[in-house]
Visitor: 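Below are the structure tokens for one structure; questions will follow.
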Amino acid sequence: MERTPGQSEPVPDDILEQYQDLVTGCVDVLPSGGLLQRLVQARREGRPIRAKLGVDPTAPDIHFGHTVVLRKLAQYQAHGHIAVLIIGDYTAKVGDPSGRAKTRPQLSDEEIAANATTYMEQAGTVLDMDKVELVRNSDWLGPLRMDEVLRLTAVTTVARMLERDDFSKRYSAQEPISMVEFMYPLLQGYDSVAVRADIELGGTDQTFNLLMGRTVMEAYGLPAQCIMTVPLLAGLDGVQKMSKSYGNYVGVDDQPADMFGKIMSIPDELMVTYWTLLTGAGHREIEDVQARLTSGEYHPAVAKRDLAERLTTLYHGAEQAAAARAAFDRLFKEKERPSDVPEMPLPGDAVVDGRVWLPRLLAALGLVASNGEGRRLIQQGGVRLDDAVIKDPGADLAPEELYGAVLQAGKRQFVKIVR
RNA sequence: GGGGGGGUGCCCGAGUGGCCAAAGGGAGCAGACUGUAAAUCUGUCGGCGCAGCCUACGGAGGUUCAAAUCCUCCCCCCCCCA
């Protein structure tokens, strides 16, 4: 038993345990002690906590980086609280200035609607959508009257707005800051009023907006929400943030083998981070994994396989994940061919004068980008035909020799040539 | 309105007349090793059946035996002052 500051009642152990799970992996929980107090208070009042997450449907697909905050929200669900998911179909049109060096381009209604649909589908891979309280902020932001808008703008000052990083940089760099961008944090804050949030989740880049929610709620006579921020997820390269444009991402709809393989390619140092942010595991499990890795009892190679299987299971089920693991081991550990080698017919343009020149064949099959690259690959010993390394870039074969043969380019590209 | 700095290969970035298909780094790819598609080391990294040729340094012309490098015009970015 522990006591919260300023509170005479002891905190029940199960709430403390729950609290530990919820704050695991978070960067900030503000104000400090606020969440624990909320949990205790909610228990006393016999009600669940309302955890808010607002998402602007500005991008079509979601990847693991987006799931970090969704997992956190799902954790609230798992502990019996209410996940309030706000689709920011109205705020998407305003454009969040967070982390932006310039004003966001405005999206059309159609784009927003389409994005929202795929977003909700994909969010369903993480959240229990049947239990989510799903709302759209156009419902209350659309009908706002001007006097209400003015009341909202009066809750803060220009000086406070300019304090935030993105704005102050742009302001001092003499770059434009549109008035509508000042509105964004206020509208997001108004969302919190509309849904009566106890706590709002977001990425660290959202800190300013989340705090503004507190200001707005207080101005509307509500208790200010707590805020909880989760870190940006590092991509597969371990250096840059996970992002589609860096090509270092895992999509939630990636195929099992692909998903498993991508996870296997993360640097070792990232394992615990991924475990913490992506699996939804509780704090005890994370601490246990960490401890066993540190002591050397848990072999990193095994740990990474377990992690990859665990994550693949979340999106594809245990059976597919186990199959992906088995296939991976067959391919890399035992250096055997995968069981499902794709079959391709011999491309017609690979045959010249009745002969097939190997570099051209590789290019024609799409295994390399050009004849020259095929030539290099061969010289480097990266090409096998029926398990025999071919090192002569001049290799020239008759089509009959190729039918039924398995061509391997590099470690993981296999093609069976068929007639 | 005035002054200044830039645009180089997938990305960053050096190069100011020949030795430049262009240093260096990153990414990618391959090989070795291993515990995996980690880490590390080595190689490779425009195209072409390749000891040669072609295409390339924002775009178009020009000077020259020779231009990423010099000249002219154009396009685009950025900074400072007003």
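Residue numbers begin at 1 in each chain, while the letters A, B, ... track the order of the sequences.
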Visitor: Does any donor-acceptor pair link the side chain of Q380(A) with the base of G31(B) at a separation under 3.5 Å?
Guide: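 Under the 3.5 Å cut-off, the side chain and the base do not form any donor-acceptor pair.
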Visitor: Can you check the distance between U42(B) and A27(B), where both ends of the measurement are the P atom (answer in whole Å)?
Guide: 14 Å
Visitor: Expressed as a whole number of Å, how far does the P atom of A68(B) sit from that of G9(B)?
Guide: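 These two P atoms come out 14 Å apart once rounded.
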Visitor: Is the closest side-chain heavy-atom distance between Y274(A) and L233(A) below 4.5 Å?
Guide: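 Side-chain contact under 4.5 Å: yes.
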Visitor: With RNA chain B as reference, determine whether A395(A) or V383(A) sits nearer its 5' end, using the nearest nucleotide of each.
Guide: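 This one resolves to V383(A).
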Visitor: Report the C-alpha separation of V23(A) and M228(A) in whole Å, then their side-chain angles, then the decisive distance to 0.1 Å, and conclude whether the side-chain contact (heavy atoms from CB on, under 4.5 Å) test is met.
Guide: CA-CA 8 Å; V23(A) 299; M228(A) 172 175 266; 4.2 Å; yes
Visitor: Taking atom P in both A37(B) and G31(B), what distance in whole Å separates the two?
Guide: 10 Å
Visitor: Name the closest nucleotide to the L377(A) side chain, picking from G35(B), G49(B), A30(B).
Guide: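 Within the option list, the nearest is A30(B).
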Visitor: With P as the reference atom in both, quote the distance from C48(B) to C10(B) in angstrom, rounded to an integer.
Guide: 15 Å
Visitor: Please tell me whether Y76(A) and D198(A) have a donor and an acceptor in their side chains that are separated by less than 3.5 angstrom.
Guide: no
Visitor: Touch check for P267(A), heavy atoms < 4.0 angstrom, all strands: base, sugar-phosphate only, or nothing?
Guide: sugar-phosphate
Visitor: Give me the distance, rounded to whole Å, that separates G58(B) from G3(B) when you measure between the P atoms they each carry.
Guide: 25 Å
Visitor: Look at the side chain of N371(A) against the base of G47(B) and say whether a donor-acceptor pair falls under 3.5 Å; ignore hydrogens and angles.
Guide: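 Such a pair does not exist between side chain and base.
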Visitor: Taking 4.0 Å as the cut-off, does a side-chain nitrogen or oxygen of K391(A) come that near to OP1 or OP2 on G31(B)?
Guide: no
Visitor: What is the distance, to the nearest angstrom, from the CZ atom on R384(A) to the C1' atom on A30(B)?
Guide: 12 Å
Visitor: When you measure from the side-chain N and O atoms of R355(A) to the phosphate of G49(B), is any distance below 4.0 Å, counting only OP1 and OP2?
Guide: no
Visitor: Does a side-chain N or O from R376(A) land closer than 4.0 Å to OP1 or OP2 of C29(B), or not?
Guide: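 No, outside the criterion.
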Visitor: With a 4.0 Å cut-off on N to O distance, would you call R360(A) and D396(A) a salt bridge?
Guide: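 No, no charged N to carboxylate O under 4.0 Å.
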Visitor: How about V126(A) and I62(A): do any of their side-chain heavy atoms sit closer than 4.5 Å?
Guide: no
Visitor: Would you measure the distance from the P atom in A23(B) across to the matching atom in C57(B) and give it in whole Å?
Guide: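 A23(B) and C57(B) have their P atoms separated by 16 Å.
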Visitor: Using atom C1' of each nucleotide, how far apart are C78(B) and C33(B) to the nearest Å?
Guide: 48 Å
Visitor: Within this structure, what is the CG-to-C1' distance between D329(A) and A37(B), rounded to whole angstrom?
Guide: 12 Å
Visitor: With both distances kept under 3.5 Å, what pairs with G1(B), Watson-Crick or G-U wobble?
Guide: C81(B)
Visitor: Taking only the side-chain heavy atoms of P300(A) (C-beta and beyond), determine which of G49(B), G35(B), A37(B) contains the nearest atom.
Guide: G35(B)
Visitor: For the residue pair Q188(A) and N209(A), confirm or rule out a side-chain donor-acceptor distance under 3.5 Å.
Guide: yes
Visitor: Determine the interatomic distance between C1' on G15(B) and the same-named atom on G7(B); round to the nearest Å.
Guide: 15 Å
Visitor: Toward the 5' end of RNA chain B, which comes first, A369(A) or H299(A), by nearest nucleotide?
Guide: H299(A)
Visitor: In whole Å, I'd like the distance from the CE atom of M271(A) to the P atom of A37(B).
Guide: 14 Å
Visitor: Could you check whether G372(A) gets within reach of a base, just the sugar-phosphate, or nothing at all, counting any heavy atom under 4.0 Å?
Guide: base
Visitor: Considering every strand shown, what is the Watson-Crick or G-U wobble mate of A60(B) when both distances are under 3.5 Å?
Guide: U72(B)
Visitor: Find the partner of U42(B): check Watson-Crick (N1-N3 plus N6-O4 or O6-N4) and G-U wobble (N1-O2, O6-N3) distances, both under 3.5 Å, and reply none if neither fits.
Guide: A30(B)
Visitor: Using whole Å, report how far CG of D254(A) lies from P of A37(B).
Guide: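 To the nearest whole Å, that distance equals 19 Å.
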Visitor: Just how far is it from atom CH2 of W275(A) to atom CG of L311(A), taken to the nearest 0.5 Å?
Guide: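 One gets 8.5 Å once the value is rounded to the nearest 0.5 Å.
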Visitor: Check whether any side-chain nitrogen or oxygen of S370(A) sits under 4.0 Å from OP1 or OP2 of G47(B), and answer yes or no.
Guide: yes
Visitor: What is the nucleic acid contact for I263(A), judged by heavy atoms within less than 4.0 Å: base, sugar-phosphate only, or nothing?
Guide: nothing
Visitor: CD1 of I390(A) versus C1' of G49(B): gap in Å, rounded?
Guide: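 For the pair I390(A) CD1 and G49(B) C1', the rounded distance is 16 Å.
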Visitor: Just checking G381(A): base, sugar-phosphate only, or nothing, at a heavy-atom cut-off of under 4.0 Å?
Guide: sugar-phosphate
Visitor: Should V230(A) and L201(A) count as side-chain neighbours, where that means a heavy-atom distance under 4.5 Å?
Guide: no
Visitor: Given that both distances must come in under 3.5 Å, which nucleotide forms a Watson-Crick or G-U wobble pair with U55(B)?
Guide: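 Partner of U55(B): none found under 3.5 Å.
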Visitor: What's the CG-C1' distance between L293(A) and A38(B), to the nearest Å?
Guide: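 Those two atoms, CG and C1', are 13 Å apart.
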Visitor: Without decimals, in angstroms, what is the distance between K411(A) NZ and C33(B) P?
Guide: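 Between P of C33(B) and NZ of K411(A): 11 Å.
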Visitor: Could you check which of C50(B), U36(B), C29(B) has an atom nearest any side-chain atom of R375(A)?
Guide: C50(B)
Visitor: Tell me the interatomic distance from Q379(A), atom CD, to U44(B), atom C1', rounded to whole angstroms.
Guide: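 These atoms are roughly 10 Å apart.
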Visitor: Could you tell me which nucleotide pairs with G24(B) by Watson-Crick or G-U wobble geometry, both distances under 3.5 Å, or answer none if nothing does?
Guide: C12(B)
